[in-house]
Amino acid sequence: MDNAGFATIFREFADYLELKKDNPFKIRAYRRAADIFEDLNRNVAELALDGELKNIQGIGTAIEEKAREIASSGKLGALEDLKLQYPPGVMEMTRIPGVGLKTASRVFHELGIAGIDQLEAAAEDGRLEALPGMGKKTAENILKGITRLRMENTKRIPLVLADRLSKNLMDFLRSHMEICAIAAVGSLRRRKETCGDLDILVSTEDPSPISGLMAKWNKFSNMISSGEDRIIFTTTDDIEVDVIITAPEKFPFDLFVTTGSKSHYTALESIACELGYRLRNNSFTSESGKPVEIIDEADIYKALKMEYIPPELREMTGEIEAALKGSLPKLLISRDIRGDLHMHTNWSDGTSSIESMVYAAKNLGYEYIAITDHSESLKIAKGLSKAELSRQMEVLERLRTELDGIQVLSGIELEILKDGSLDYDDSILSSLDLIIASVHSAFGQPKDVMTARIVKAIRSGRVDIIAHPTGRVLGRRFGYDVDLDVVIKEAAKHNVALEINSYPERMDLDSTWARKAAESGVYIAINSDAHNVEELKFISYGLDVARRAWLEQADVINTWPISKFQAWLSRRRIRA
DNA sequence: GCCGTTTTCGGCCCGACTGTTTTCAGTCG
């Protein structure tokens, strides 16, 4: 089991202990252990079996004992016992916004409610508001929460999860049978932020073992259908997987067809028709029926007399017209990123030191980075006091004298307070190299208030970048209510950049808004928002968004050479 | 459950917001 697996089990255990109303500090200890395991760069299983886990701050004998049990048996008996006491529906209820473990536990123990549907009934017929401490309003809010959950819960899979799962599946297939070519297709290949299901295209000379093999994959749950050229099943997480089987010579063509999008493909069908071809789901021929020779996907676009359209652009948002004219954007690739302008260290809520972040960034080939810990007001993330910030700036100053080949800017992720004012005063802000500002509080403000709040920060003349402009977290919460059209207009006017935050659960701005922003003349920064060295790699998800947003180097400030980037930064000082 | 010590027991991250209260509990970030 990998470290993330240990973290999941301990977190789940803590949740069940909370249902049981166990000692809150004990619960916190398990959650802390989960955090520690997740960030550990050594294998938890090995450490547990060697008896070395206890040496880590925060892990004692009880947790080491449990980790050892998990390492040798794959599960935790105490957790299995608790799961028998609470039906799965109880935990399910905590997914309703506004319902936490305490409420779930209460309604289960006091009303015998063990699922979302039962909770809905109790909120409607008045049983819920009859409980002490609950009222009409609470019942209403829970009903609203249930509606929202059902709306959101169309079960789309975040891209990062789809990546992990598809890689796991493809590795499994490769290691158990002869495969000519294999690829994730569909929305995953188009790098959409979420995927409805998982589509895998595989070509092989002998497809007969695939079906039987799939059932042996450790994530396999239920076979839905199993045919010669298509196998559909669900995983243990109830994700639908579609394995499409094709002959090796047909792989490039099927790669094109299964990548989609549907509407992109349909549009190409009619263009093919106009040019005297027949493009069908299973063939591409001339009018006389002679197959068009396709060595790779690009040959299809070539035959249709247009530029090759990368998968990320195949969404019918103007790509075909542009490809016909030869005016597709020159999309960014990872080498284009020269710096990362948003990252945290163990000075605030990150877990890696400044030095390790800097060296990791240098290893990624970056020419510059900014250290941007949280500012004072964000207590939960250990936001830096003014004194800590100046100490950090001194540390960075010293570090610069030892560094070669990478520029380290002193930055901050600055709280935009409830009323739109900024967390530090001008004297501090003017001493920083880079200021990114963001909202982490009072998410529930009405749209006009939230918009005015962000606009005020943009107009302050102090801010370089607005981070994660909508505040959404995929699968967990919608963004706050903000008029992005207004934000974009103001950002353009005041030359403030907007961020594509690459954190996989955020991907914020999304590609539609990022494209709109760039078209309105707003510069974009693609940042990792890393909280440890590993997470610097998240930048690839921001790149996915940027590619889907048609962005080019000119649009993205951290693809610029340091001199150009610094010239842009200095505009703030001139104006201030 | 973990830690630390002026050490074997007492303390352990915060703050806003909401709805229920009349002094607090639950949720969320």
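Just so it is clear, the values below take in all heavy atoms, side chains as well, and ignore hydrogens, waters and symmetry mates.
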message = Over all strands shown, is A/Leu417 touching base, sugar-phosphate only, or nothing at heavy-atom distances under 4.0 angstrom?
response = nothing
query = With a 4.0 Å cut-off on heavy atoms, is A/Ile59 in touch with a base, just the backbone sugar-phosphate, or nothing at all?
reply = sugar-phosphate
ask   = What string of B, S and - do you get for nucleotides 17-23 of chain B, 5' to 3', when a contact is any protein heavy atom under 4.0 Å?
value = S-SS---
Any Lys/Arg nitrogen of [X] or [Y] sitting under 4.0 Å from an Asp/Glu carboxylate oxygen of the other?
{"X": "A/Arg68", "Y": "A/Glu65", "result": "yes"}
{"X": "A/Lys382", "Y": "A/Glu388", "result": "no"}
{"X": "A/Arg462", "Y": "A/Asp426", "result": "yes"}

Considering only atom [atom1], compute the distance from [N] to [M] and round it to an integer number of Å.
{"N": "B/dC2", "M": "B/dT7", "atom1": "P", "result": "22 Å"}
{"N": "B/dT27", "M": "B/dT20", "atom1": "P", "result": "14 Å"}
{"N": "B/dC9", "M": "B/dG15", "atom1": "C1'", "result": "29 Å"}
{"N": "B/dT8", "M": "B/dG1", "atom1": "C1'", "result": "15 Å"}
{"N": "B/dC28", "M": "B/dT23", "atom1": "P", "result": "26 Å"}
{"N": "B/dT22", "M": "B/dC12", "atom1": "P", "result": "28 Å"}
{"N": "B/dG19", "M": "B/dC13", "atom1": "P", "result": "30 Å"}
{"N": "B/dT6", "M": "B/dA16", "atom1": "P", "result": "34 Å"}

note = Which of A/Asp373, A/Leu378, A/Ile412 passes side chain to side chain contact (heavy atoms under 4.5 Å, CB included) with A/Ser348? Answer is A/Asp373
query = Which of these passes side chain to side chain contact (heavy atoms under 4.5 Å, CB included) with A/Phe10: A/Lys66, A/Arg31, A/Glu38?
reply = A/Lys66
inquiry  = Looking only at the aromatic ring of each residue, does the gap between the centers of A/Tyr480 and A/His468 stay below 6.0 angstrom?
reply    = no
message = Donor-acceptor check, side chain of A/Thr94 to backbone of A/Val90, threshold 3.5 angstrom: yes or no?
response = no
ask   = Yes or no on salt bridge (Lys or Arg N to Asp or Glu O under 4.0 Å) for A/Arg191 and A/Glu312, after CA distance, side-chain angles and deciding distance?
value = CA-CA 6 Å; A/Arg191 308 305 292 161; A/Glu312 294 93 330; 5.9 Å; no
What is the distance from [atom1] of [X] to [atom2] of [N], rounded to the nearest Å?
{"X": "A/Lys26", "N": "B/dG10", "atom1": "NZ", "atom2": "P", "answer": "18 Å"}
{"X": "A/Asp22", "N": "B/dC2", "atom1": "CG", "atom2": "P", "answer": "13 Å"}
{"X": "A/Phe10", "N": "B/dC2", "atom1": "CZ", "atom2": "C1'", "answer": "14 Å"}
{"X": "A/Leu79", "N": "B/dG1", "atom1": "CG", "atom2": "P", "answer": "15 Å"}
{"X": "A/Asp423", "N": "B/dA16", "atom1": "CG", "atom2": "P", "answer": "12 Å"}
{"X": "A/His468", "N": "B/dG29", "atom1": "NE2", "atom2": "P", "answer": "13 Å"}
{"X": "A/Arg31", "N": "B/dG1", "atom1": "CZ", "atom2": "P", "answer": "15 Å"}
{"X": "A/Ile416", "N": "B/dA16", "atom1": "CD1", "atom2": "C1'", "answer": "17 Å"}

query = Across all strands shown, which nucleotide pairs with B/dA16 by Watson-Crick or G-U wobble geometry, both distances under 3.5 Å?
reply = B/dT27
query = Between A/Phe6 and A/Phe37, what is the ring plane arrangement, given parallel below 30°, perpendicular above 60°, and tilted in between?
reply = perpendicular
ask   = Where does the angle between the aromatic ring planes of A/Tyr503 and A/His531 fall among parallel (under 30°), tilted (30 to 60°) and perpendicular (over 60°)?
value = perpendicular
query = A/Asn501 and A/Glu499: side chain to side chain donor-acceptor pair (under 3.5 Å), yes or no, with the steps?
reply = CA-CA 6 Å; A/Asn501 187 290; A/Glu499 180 182 71; 3.0 Å; yes
message = Around atom NZ of A/Lys21, are there more than 12 heavy atoms from other residues, nucleotides or ligands closer than 6.0 Å?
response = yes
Give every pair of a protein N or O atom and an N or O atom of nucleotides 11-15 of chain B that lie under 3.5 Å apart, one pair per line with the distance.
none

message = Working note: A/Tyr16 + A/Met91, criterion side chain to side chain contact (heavy atoms under 4.5 Å, CB included); need CA distance, chi angles, decisive distance, verdict.
response = CA-CA 8 Å; A/Tyr16 275 95; A/Met91 212 37 107; 3.6 Å; yes
Polar atom pairs (N or O), protein with nucleotides 25-27 of chain B, under 3.5 Å:
residue	atom	partner	partner atom	Å
B/dG26	O3'	A/Thr103	OG1	3.2
B/dT27	OP1	A/Gly100	N	2.6
B/dT27	OP1	A/Gly100	O	3.2
B/dT27	OP1	A/Thr103	N	3.0
B/dT27	OP1	A/Thr103	OG1	2.5
B/dT27	OP2	A/Lys102	N	3.2

